[in-house]
Amino acid sequence: MQSTYIFLLFLFLISICANCNIARESTPIAQGLKDYADFPIGNSISIRKIIEDEKYRTMIKQNFNSITSGNDMKMYTIGREEGKYNWEKADETLAFCERNNQRIFGHTLVWHLGLPKWIQNNGKEHGADWVDEYLETYITKVVSRYKGKVAAWDVVNEAFETAGGNYRETFWYQYLGKEYIAKAFRYAHAADPEAELFYNDFNIERDTAKFLGVLKMIEELKSEGVPITGLGFQMHLRMDIPDEVIAYTLKKAGETGLKIHFSELDIIFNRHDDTKDGGEQVYKELTKEMEQAQAEKYKNLVLMYRKYIPKNQQYGITFWGCNDRDTWIKRFFGIEDWPTVFDENLNPKRAYYGFMEGLKEKIR
Ligand code: G3I
């Protein structure tokens, strides 16, 4: 009898502990970047790291009210096997965001990178009709599953060449021509008419030819009634990109009337040529002066966003990775750098406070 009581008590204590964990998990933590902004502040996450690393998880909850999945909602994750949809990581990401009252930004439905081999093979074997059918099926499945939950999608990512105003000849382009872009937006809209639908690209804040190419595409899409509602500037910035150039672009972007999202913000010091392992290690260590200059760059960027993008078009600013330890920059460009607002130990850098000042300062 006594052992039954002990067993029941044990079960009771376990259930209390479990509830404590859930309560702790879902209690919003105040006083992070999000609390100083009147638009969403986001970051990209990996759900595995969120689950495994408590310090990282706490920092994400404290600072960000919008979440983009870094890789877990890409086609190479969800659609990596033929005839099967792999929802696990995307579902876990959504559950985490829902518990913490964070907006979910879907990234990305259509991209040329990391396209699963089986899709490429089927394209070769069955041609354009199959590709179009798959595009529609994939977008419809994914967007409807998360209808009303994912607030916005990067529907098409990086459809333009790295430099200049020409379309990139991707898998999708080769089979469907540039029409794949309009089709993707239409399929996404049909699956969730309330979701905001973005075109997302890099270097458009600095490469005027590329930016004008994107603007022309947006005009064409709008004139054909394609349901595009947002433009994402990835904003993988470098310290030497002049603020004047960024300001010019942002003013013009505001005039489109689209929602504007800084979707993948980081600011690196060293140079690169935009290709894998194409980094040039100019700076070998981070000095106090460099840190200060980076803080000012972050601050100015926020001020420009607030000044040049009309209030009702400010969809938010999202960082791409939140610390100098895990940043994609080092792996991709093959260099050491310090592009984010948290250091390798997840402590806020000067850049963090620079960004915060940009949120707090009065705009003239
Ligand atoms: O998960 C595997 C791991 O098991 C393996 O040991 C390791 C070895 O390389 O690779 C790991 O996967 C890598 C994955 O990132 C997770 O770290 C892939 O190789 C790597 O290709 C993948 O890179 C991602 C890249 O997109 C390609 O999808 C980056 O993390 C991600 O930050 C980057 O994000 C893109 C945006 O989607 C679009 N804009 C540019 C941005 C930066 O490239």
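Because only heavy atoms are used, hydrogens play no part in the values below, and waters and symmetry mates are left out as well, while side chains stay in. Computed from a prediction, not measured in an experiment: that's the story for all the values here. Whatever order the structure lists ligands and atoms in, that order sets their numbers, starting from 1.
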>> Please report whether atom 18 (C) of ligand 1 has a protein non-hydrogen atom at a separation of less than 4.0 Å.
In response: no
> Is the His272 ring parallel, tilted or perpendicular to the Phe333 ring (thresholds 30°, 60°)?
Replying inline: parallel
> Is atom 13 (C) of ligand 1 less than 4.0 angstrom from some protein heavy atom?
Replying inline: no
> Are Met75 and Tyr146 grouped together when hydrophobic residues (ILVMFWY) are joined by side-chain heavy atoms under 4.5 angstrom apart?
Replying inline: yes
> Quick one: does atom 41 (C) of ligand 1 have a protein heavy atom under 4.0 Å from it?
Replying inline: yes
> Can you name the closest pair of heavy atoms from Asp192 and Gly148 and give their distance?
Replying inline: OD2-N, 3.1 Å
>> Strictly inside 4.0 angstrom of atom 7 (C) of ligand 1, do you find any protein heavy atom?
In response: no
>> Does only the side chain of Phe202 get under 4.0 Å from ligand 1, or the backbone, or both, or neither? Count heavy atoms.
In response: neither
> Side chain, backbone, both or neither: which part of Trp320 has a heavy atom under 4.0 Å from ligand 1?
Replying inline: side chain
> Is there a nitrogen or oxygen of Glu158 sitting under 3.5 Å from a nitrogen or oxygen of ligand 1?
Replying inline: yes
> Just wondering, are more than 12 heavy atoms of other shown residues or ligands nearer than 6.0 Å to NZ in Lys311?
Replying inline: yes
> What is the ring orientation for Trp172 with Tyr134, classed by angle as parallel under 30°, tilted 30 to 60°, or perpendicular over 60°?
Replying inline: parallel
>> For a quick test of reading the model, state the closest non-hydrogen atom pair linking Asp154 to Thr108 and the distance between them.
In response: O-OG1, 2.9 Å
> Nearest protein heavy atom to atom 28 (O) of ligand 1: under 4.0 Å?
Replying inline: yes
>> Applying a strict under-4.5 Å side-chain criterion to I, L, V, M, F, W and Y, I'd like to know whether Tyr353 and Leu303 cluster together.
In response: no
>> Within the structure, is a non-hydrogen atom of Leu113 found at a distance of less than 4.0 Å from ligand 1?
In response: no
> Backbone, side chain, both or neither: what part of Asn71 comes under 4.0 angstrom of ligand 1, heavy atoms only?
Replying inline: side chain
>> Quiz question for you: does at least one protein heavy atom lie closer than 4.0 Å to atom 36 (C) of ligand 1?
In response: yes
> Given that the side chain starts at C-beta and the backbone is N, CA, C, O, which of these parts of Asn200 lies under 4.0 Å from ligand 1, counting heavy atoms, or is it both or neither?
Replying inline: neither
> Do any non-hydrogen protein atoms sit less than 4.0 Å from atom 21 (O) of ligand 1?
Replying inline: no
> Relative to atom 33 (C) of ligand 1, which among Glu264, His236, Lys74 owns the nearest non-hydrogen atom?
Replying inline: Lys74
>> Looking at every heavy atom in both Ala128 and Tyr175, which two are closest together, and how far apart are they?
In response: CB-O, 3.5 Å
>> Going by a strict under-4.0 Å cutoff (protein heavy atoms only), does atom 10 (O) of ligand 1 have a neighbour on the protein?
In response: no
>> Restricting to non-hydrogen atoms, name the atom on Ser66 and the atom on Gln102 that form the minimum distance, rounded to 0.1 Å.
In response: N-CB, 4.5 Å
